[in-house]
Amino acid sequence: MNNYTVYLLREDIKTDRDAIAVNVAGIPVADGASVYGTLFVKPTAPREPKWSPLFTPFVDKKKLGQVQSSAAVLIVSVEKRLFAVTFGQGRHLLKAEAFEERFGLLVTLNSVKQDALRSVDKRTFVDDQNSRVQTSQASAALEFGIDIERDLIRGIVGYPDTPELGRRLSGSDALNFTSKADIPGLRKQLRRYLRAYASTDYKDKFPWVDQVRQLRPKGQRAIELDGLLVEKLKLAWKQGGRVDGCWLAIPDVVDWGRIAGFKFTRKKNEGMSSDLNLPGLVHAFPNEEPSIEFLRAHQAFAVDEEQWPLENWQIYRCIHCELEDGGKSYVLSAGNWFEVHDDFAASIEEFYKNIAKFPIALPIYNHDDEWAYNQALVDESNGEWCLMDRKLLNVGGVHDKVEFCDVYGGKTLLHIKHYGSSSVLGHLFNQGLVSAELLKSDKTFVKLANEKLEPAHAMDLPDDVPRDVTAYKVVFGVISQSEVPGLHLPFFAKVVLKTVCTRILERGFGEVMLAKIDVDQDKVKVKKLPPAKKPVKRALRTRQAKP
């Protein structure tokens, strides 16, 4: 049996040379009049093993031997399409944009039975968690714990329906298969896989696979979308940072208690804004011609009162962009492009549109941090609210310590957070879900919460579980500097919110609601700053700045 790794080259790749990234000569692979393809081999020189320095003080270097990696690609033509069969490190001889995305995945999905999967590689697109789930025997997709609304399927291993397709298939961008086929028989085998790739049978067996798919960063489609992003940003530069469907968001969860503002250079007298925003970026580089190179080369900084950087991110990672092209919807989130199926996008938008809005107007945000805002909200409420921010409940177990909510009153659990990327807002929504589930089902949770609540706000709920929580509501308040009416969340934040809302309501809560907390626009304006004071001890300051 022979093991092969195969890529399908894009249709616009017409010659083998178009796919090869390095300058190496092609070697015809033929037997008389029969030509099987062109082989490209990159020679490598022998070198010492990486582990050899461990032993050279004690052992003669010559006795440790040498290692030599290999890299080869066989380009094979089948029915006017080109395949790249790689050997060793041959993948690195191919241009990154030369091959089709998901070729191996679609071949595998079209070739295996629904209950004949052995391994699934998945990625939760909100928090970038990658995982591989394997089973000891062939199983159906449900056995792998796939969340069809939040998981991207990156690769699948399974057993094909017919033995002609190989003993086992493993597919992502590349297809890995084991077959008796030798080089003369390879073209016949590839023809089978080309037919499997063109099939749409997987849409019946695995209909959720196409809801969202991540595009390869250097793939042709992602490169085209980057070009559309640049055009949007050029318009933003002309309009002072305002453009539809494109904005900046903090890509990670941060400690807002330590952050004074955001900057885009290390200059001490550069203007600083209270939140990360596109107008601030334009203000920092008014004469810049936006480009992908510019976005990857520059960073956004979260700084303290002395303008000392606490966090920094590549600007490209901070951009959230939602656009349509060629009748399809695309989202740029945390530095990755995603293609979203129209039906899935429509279902998420419909759900989001119908989430109830909190009817009580919350004060405008003009504070140093979330805690200061929450404290002011309580102080100005004439006893209607009780502050619970930073009051952790030690529930133990997998949750350890959790927040009941940020502000509580009238059987309303109000969770508040600054606007951010999908992962940041997902953290907010999941925090509310954990609290709601504990209030419903944890025996000690009410007692622990009442110990932190003011007596006037103590909950009259039994210790016995599950509790009746129909009188309680969960409200998510998002501090948003946007002047556009309504609360506009990143697409994947809406996906998480849909899941969280559904689960909270399934547990019997009366309502889940959203609230937009407007920001004083004078606070978000870019301000010129005086030169910062130099820290007395820079090394000490650096250590203190780490979260």
Side-chain angles (χ1 to χ4, degrees), residues 122-127 142 145-153 203 206-214 244-245 247 249 320-324 327-334 338-360 362 405 412-417 419-437 440 469-470 472-480 482 484-517:
K122 58 183 181 177
R123 174 177 175 270
T124 304
F125 47 70
V126 174
D127 48 19
L142 288 177
I146 297 171
D147 184 333
I148 64 173
E149 288 194 343
R150 299 176 67 175
D151 288 339
L152 298 169
I153 303 304
K203 293 179 181 292
F206 309 98
W208 37 267
V209 166
D210 281 340
Q211 288 188 151
V212 180
R213 71 181 184 100
Q214 182 178 339
D244 291 339
W247 60 92
H320 186 93
C321 183
E322 298 181 5
L323 54 82
E324 293 186 0
K328 295 185 178 181
S329 300
Y330 299 93
V331 176
L332 176 64
S333 177
F338 299 86
E339 181 181 304
V340 183
H341 194 279
D342 293 344
D343 292 343
F344 181 56
S347 69
I348 295 297
E349 294 299 338
E350 182 67 19
F351 186 93
Y352 180 71
K353 182 178 67 175
N354 291 318
I355 295 176
K357 305 302 183 289
F358 191 47
I360 300 174
L362 297 174
C405 59
T412 298
L413 286 74
L414 178 56
H415 301 268
I416 295 175
K417 186 171 286 294
Y419 188 94
S421 67
S422 295
S423 62
V424 172
L425 294 173
H427 179 79
L428 167 69
F429 302 145
N430 284 313
Q431 184 182 49
L433 174 61
V434 169
S435 174
E437 289 180 330
K440 173 74 176 181
V469 290
T470 53
Y472 289 80
K473 64 172 67 77
V474 177
V475 179
F476 297 110
V478 179
I479 302 168
S480 171
S482 173
V484 178
L487 181 59
H488 297 265
L489 301 184
F491 176 79
F492 292 129
K494 296 175 187 175
V495 174
V496 179
L497 181 59
K498 179 176 183 291
T499 301
V500 166
C501 285
T502 301
R503 290 176 62 178
I504 290 176
L505 294 174
E506 285 175 346
R507 280 147 182 78
F509 282 79
E511 283 186 290
V512 179
M513 310 180 85
L514 279 175
K516 178 185 178 183
I517 300 172

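Counting non-hydrogen atoms of neighbouring residues, nucleotides and ligands closer than 6.0 angstrom, the NZ atom of Lys357 exceeds 12 such neighbours. Heavy atoms of other residues, nucleotides or ligands lying less than 6.0 angstrom from CG of Asp244 number 12 at most.
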Side chain to side chain contact (heavy atoms under 4.5 Å, CB included) between Val212 and Phe492, intermediate numbers included
CA-CA 10 Å; Val212 180; Phe492 292 129; 3.9 Å; yes
May I have the step-by-step check of side chain to side chain contact (heavy atoms under 4.5 Å, CB included) for Val209 and Lys203, ending in yes or no?
CA-CA 8 Å; Val209 166; Lys203 293 179 181 292; over 6 Å; no
Tell me, with the steps shown, if Phe351 and Ile348 meet side chain to side chain contact (heavy atoms under 4.5 Å, CB included).
CA-CA 5 Å; Phe351 186 93; Ile348 295 297; 5.9 Å; no
Between Glu350 and Lys353, does the salt bridge (charged side-chain N to carboxylate O under 4.0 Å, His left out) criterion hold? Intermediate values first, please.
CA-CA 5 Å; Glu350 182 67 19; Lys353 182 178 67 175; 3.3 Å; yes
Under the side chain to side chain contact (heavy atoms under 4.5 Å, CB included) rule, what do Val424 and Lys417 come out as? Steps first, then yes or no, please.
CA-CA 9 Å; Val424 172; Lys417 186 171 286 294; 3.9 Å; yes
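Atom CZ of Phe509 is separated from atom CZ of Arg503 by 12.5 Å, given to the nearest 0.5 angstrom. In this structure, Cys321 SG and Leu332 CG are separated by 6.5 Å, a value rounded to the nearest 0.5 Å. If you take CZ on Phe476 and CG on Leu428, they are separated by 6.0 Å, rounding to the nearest 0.5 Å. Lys516 NZ to Leu489 CG: the interatomic distance, rounded to the nearest 0.5 Å, is 10.5 Å. Between Trp247 atom CH2 and Glu322 atom CD the span is 4.5 Å, to the nearest 0.5 Å. Taking NZ of Lys328 as the reference point, atom NE2 of His341 lies at 8.5 Å (rounded to 0.5 Å).
In this structure, Leu497 and Leu514 have side chains that are in contact, with non-hydrogen atoms separated by less than 4.5 Å. Between Thr499 and Phe429 there is no side-chain heavy-atom pair separated by less than 4.5 Å. Counting only heavy atoms from C-beta outward, the side chains of His320 and Val331 approach each other to under 4.5 Å. For the pair Val496 and Leu425, the minimum side-chain heavy-atom distance is 4.5 Å or more.
A distance-only check finds a donor-acceptor pair linking the side chain of Tyr419 to the backbone of His488 [under 3.5 Å]. A donor-acceptor pair under 3.5 Å is absent between the side-chain atoms of Ser435 and the main chain of Gly432, judged by distance alone. Between the side chain of Lys494 and the main chain of Tyr352, no donor-acceptor pair closer than 3.5 Å is present.
What you find for Leu414 and Gly477 is that their closest heavy atoms are CD1-N, 4.2 Å. Gly327 approaches Asp342 most closely through the heavy-atom pair O-OD2, 3.2 Å. What you find for Lys473 and Thr412 is that their closest heavy atoms are CG-OG1, 3.4 Å. Closest approach of Ala249 to Gly420, counting heavy atoms only: CB-C, 3.5 Å. Nearest approach of Pro359 to Met513, heavy atoms of both residues: CD-CE, 3.5 Å. Minimum interatomic distance between Ala515 and Leu487 (heavy atoms only, all atoms of both residues): O-CD2, 4.2 Å.
Outside the 6.0 Å centre-distance limit, the rings of Phe338 and Phe491 are not counted as a close aromatic pair.
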